[in-house]
Amino acid sequence: LDPDQAVTELALTTTYEDLQRALDRVLARGAEGATNMAAGVDQATRELLGLRGAFSKTDPRSQRIAVFLTDGVPTLPFPNDEARNTKAVGEAAARARLAGIRVFPYGIGAEALAGPLALVDLAHATDAIFTPVRDPARLSDIFADVEFADVDSIAVRNLTQDAPAHAVEVGPDGSFGAWAPLA
């Protein structure tokens, strides 16, 4: 694996089990000790657009959103040059924005929060929000409250009974579910 580049571990999917297996592979492989944020943003752009070399099939009706999780600051592609690495992240963010991609960065832990300039710039450039996460154990709580879709409200009714649904839930991607009374 070339530490200067980002790789796609799994094509875009809606299958939770495939995602879990991919995360398990990443965990088993472990960290390599370097962070090339610009390459990660460019790789996400490639996958979300379905460009040459992408593993993913895209749906032109879908919103293009990337969630960017990091526990560090950009250390590549220019070793020992944080300013140039931060600039490279900004350039990758500009490319993502031109492609209509919003990148939501999450800085996890003390190192990522010590100097989150690249993450703040990444969010700002792509019309997204930077979220600092001091305690990684809180990630599941944080994601439970996240909305990435531009859904203002959803109303579900059983028209035959003229009764509203109960327990309407909207997922972060805009998907929804509800319990509606039936005859």
Side-chain angles (χ1 to χ4, degrees), residues 1-13 16-48 55-56 63-150 170-173:
L1 207 80
D2 182 353
D4 288 344
Q5 302 302 314
V7 297
T8 298
E9 188 70 33
L10 175 69
L12 296 172
T13 183
Y16 176 79
E17 293 80 16
D18 290 344
L19 178 61
Q20 186 61 56
R21 282 192 291 276
L23 290 172
D24 289 343
R25 287 191 303 270
V26 170
L27 186 60
R29 192 169 52 242
E32 296 183 16
T35 305
N36 190 334
M37 291 182 187
V41 172
D42 283 337
Q43 187 69 19
T45 300
R46 181 177 297 111
E47 291 296 326
L48 288 168
F55 293 101
S56 301
Q63 291 186 48
R64 294 182 175 135
I65 295 172
V67 175
F68 193 93
L69 304 170
T70 183
D71 64 352
V73 296
T75 56
L76 294 173
F78 306 104
N80 303 314
D81 194 338
E82 187 174 341
R84 285 179 68 196
N85 290 324
T86 298
K87 182 178 180 202
V89 173
E91 291 166 353
R95 290 187 290 274
R97 182 181 183 96
L98 284 173
I101 297 170
R102 296 173 69 199
V103 182
F104 290 83
Y106 289 76
I108 304 167
E111 186 177 343
L113 300 179
L117 179 62
L119 298 176
V120 171
D121 288 349
L122 173 58
H124 179 73
T126 62
D127 194 29
I129 298 169
F130 164 65
T131 303
V133 182
R134 295 193 192 296
D135 180 7
R138 293 205 54 244
L139 267 175
S140 59
D141 296 335
I142 290 168
F143 277 118
D145 296 330
V146 172
E147 281 188 36
F148 297 113
D150 293 327
V170 179
D173 62 351

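Just so you know, these numbers use all the heavy atoms, side chains as well, and skip hydrogens, waters and symmetry mates.
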Colleague: So, does R97 use its side chain to make a donor-acceptor pair with the main chain of A125 at under 3.5 Å?
Modeller: yes
Colleague: Can you measure from OG1 (T126) to CZ (R64) and round to the nearest 0.5 angstrom?
Modeller: 14.0 Å
Colleague: Roughly how far apart are E111 CD and D71 CG, rounded to 0.5 Å?
Modeller: 6.5 Å
Colleague: Would you check if D121 and V89 make a side-chain contact, meaning some heavy-atom pair closer than 4.5 Å?
Modeller: no
Colleague: Got a sec: does the CZ of R25 have more than 12 other heavy atoms crowding it under 6.0 Å?
Modeller: yes
Colleague: Determine whether T131 and F104 make a side-chain contact, defined as any pair of heavy atoms from C-beta on separated by less than 4.5 Å.
Modeller: no
Colleague: Is it true that atom CG of L139 has more than 12 heavy atoms of other residues, nucleotides or ligands lying nearer than 6.0 Å?
Modeller: yes
Colleague: How long is the gap from CD on E82 to OG1 on T75, to the nearest 0.5 Å?
Modeller: 9.5 Å
Colleague: To the nearest 0.5 Å, how far apart are CG in L113 and CZ in F130?
Modeller: 5.5 Å
Colleague: Any heavy-atom pair between the side chains of L98 and R95 that's under 4.5 Å?
Modeller: no
Colleague: Decide if atom CG of N80 counts as having more than 12 heavy atoms of other residues, nucleotides or ligands within a radius under 6.0 Å.
Modeller: no
Colleague: Grab the two heavy atoms, one from V41 and one from A93, that are nearest each other, plus how far apart they are.
Modeller: CG1-N, 4.2 Å
Colleague: For a salt bridge (charged side-chain N to carboxylate O under 4.0 Å, His left out) check, start with the C-alpha distance between D18 and R21, then their side-chain angles and the critical distance, and finish with the verdict.
Modeller: CA-CA 5 Å; D18 290 344; R21 282 192 291 276; 2.4 Å; yes
Colleague: Once rounded to the nearest 0.5 Å, what's the spacing between atom CZ of R102 and atom CG of L48?
Modeller: 13.0 Å
Colleague: Give every residue pair that meets the salt bridge (charged side-chain N to carboxylate O under 4.0 Å, His left out) criterion with at least one member in residues 85-94, sequence neighbours excluded.
Modeller: K87-E91
Colleague: Hey, which of L119, D42, N85, T86 is the one that makes side chain to side chain contact (heavy atoms under 4.5 Å, CB included) with M37?
Modeller: L119
Colleague: Kindly give the heavy-atom pair with the smallest separation between A114 and P116, and that separation in Å.
Modeller: C-CD, 3.9 Å
Colleague: Please report the closest heavy-atom contact between A118 and P74, naming both atoms and the distance.
Modeller: CB-CG, 3.8 Å
Colleague: Short question: side chain of E9, backbone of L23 - any donor-acceptor pair under 3.5 Å?
Modeller: no
Colleague: Please report the shortest heavy-atom distance between T35 and V73, naming the atom on each side.
Modeller: CB-O, 3.4 Å
Colleague: Residues in salt bridge (charged side-chain N to carboxylate O under 4.0 Å, His left out) with D127, at least two apart?
Modeller: none
Colleague: Which distance, rounded to the nearest 0.5 Å, do you find between the CD1 of I101 and the CD1 of I65?
Modeller: 10.5 Å
Colleague: Which pair of non-hydrogen atoms, one from A99 and one from T45, has the smallest distance, and what is that distance?
Modeller: CB-CG2, 4.1 Å
Colleague: Provide the closest heavy-atom pair for S56 versus E47 in the form atom of the first, atom of the second, distance.
Modeller: OG-OE1, 2.6 Å
